[in-house]
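Whatever order the structure lists them in is the order used to number ligands and atoms, beginning at 1. Counting begins at 1 with the first residue of the sequence.
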Amino acid sequence: METLNIALPKGRLGEKVYSMFEKAGFECPSIRETNRKLIFENPEKGVRYFWVKPSDVAIYVERGAADIGVAGKDILLEYSPDVYELLDLKTGKCRMAVAARNGFKDDLRKTLRVATKFSNIALSYYSSKGRDIDIIHLNGSIEIAPILGLSDVIVDIVETGTTLKENDLCVIEEIVPISARFIANKSAFKFKGKQIEALVSSLKALTEEEK
Ligand code: PRP
């Protein structure tokens with residue numbers, strides 16, 4: 001049996017996703033040991049897991065360093081990696097939204113200043129509406145931008161809404177729902193297709209159970 005190389009997003013989502021892989025029969029007990037290792041292998045099950053930064057999973061998979069991985073739909077929309085998206089894992093649910101300070105009114109005569117980590121998503125959303133914008137690309141703590149007058153609105157991920165609320169911001173438009181997706185490298189899917197399909201179908205059964 002060939003080893004499946006699996007890139008998982010480090011952090012809370014990754015822990016949840018790993019539990020799903022474990023339930024699907026692709027466990028790797030050493031991953032549960034608390035240490036700072038990043039690569040874990042279970043030869044009996046033919047799996048090798050790596051923890052990578054969530055926004056990097058698609059890069060590992062696209063370039064074949066990982067055969068498969070789990071990435072948020074936000075990352076897939078933003079970077080359009082050349083990978084197969086095989087399954088919606090129905091976890092890590094949140095939404096991409098436009099938010100602004102409470103009481104904000106858009107002045108259509110002016111170019112809208114949009115702060116975001118997701119420049120491509122924001123550009124394509126506003127271009128579909130025919131609205132002129134100026135993108136201010138930031139790497140985090142996006143919520144601060146409208147408070148300090150750096151931008152008029154933000155395009156960002158909203159999960160519980162707490163971050164917005166605590167910073168006196170509110171959602172003004174919803175762009176797209178987001179969830180975690182199972183992705184595969186295109187050539188790995190040819191050569192390890194059987195193993196990958198077995199994993200996808202066990203995971204699919206789990207996501208259906210949870211409904
Ligand atoms: C995301 C997002 C918001 C927050 C929303 O940040 O950018 O800041 O989560 O969650 P909430 O609606 O439940 O409050 P993330 O933790 O991914 O880190 P970031 O600051 O790097 O964007």
Yes or no, since that's all I need: does a protein heavy atom fall within a distance strictly under 4.0 Å of atom 11 (P) of ligand 1? yes
Under-4.0 Å protein heavy-atom contact, atom 15 (P) of ligand 1: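 Protein heavy atoms within 4.0 Å of atom 15 (P) of ligand 1 - there are none.
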Give a yes-or-no answer on whether the side chains of [X] and [Y] include a donor-acceptor pair shorter than 3.5 Å.
| X | Y | result |
| --- | --- | --- |
| Tyr125 | Glu173 | yes |
| Arg181 | Ser179 | yes |
| Ser187 | Asn185 | yes |

Asp156 to ligand 1: N or O pair under 3.5 Å?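 Yes, there is a polar N/O contact under 3.5 Å.
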Using a 3.5 Å cut-off on N or O atoms only, is Ile157 in polar contact with ligand 1? no
Close-contact set for ligand 1 against [X] heavy atoms, below 4.0 Å:
| X | answer |
| --- | --- |
| Thr160 | 11 (P), 12 (O), 13 (O), 14 (O) |
| Thr162 | 12 (O), 14 (O) |
| Gly161 | 11 (P), 12 (O), 13 (O) |
| Ser141 | 20 (O) |
| Thr163 | 4 (C), 5 (C), 8 (O), 10 (O), 11 (P), 14 (O) |

When you look at OH of Tyr60, are more than 12 heavy atoms from neighbouring residues, nucleotides or ligands closer to it than 6.0 Å? no
Select one of side chain, backbone, both or neither to describe which atoms of Cys94 lie under 4.0 Å from any atom of ligand 1, heavy atoms only.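 None of Cys94 does.
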Verify, without hydrogens or angle tests, whether Glu78 (side chain) and Ile121 (backbone) share a donor-acceptor contact under 3.5 angstrom. yes
Quick one: does Gln195's side chain have a donor or acceptor within less than 3.5 Å of a partner on Glu2's backbone?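 Confirmed, Gln195 side chain pairs with Glu2 backbone.
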Measure from atom 17 (O) of ligand 1 to every heavy atom in Glu159, Glu143, Lys117, Arg12 and give the option owning the shortest one.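 It is Lys117 whose heavy atom sits nearest to atom 17 (O) of ligand 1.
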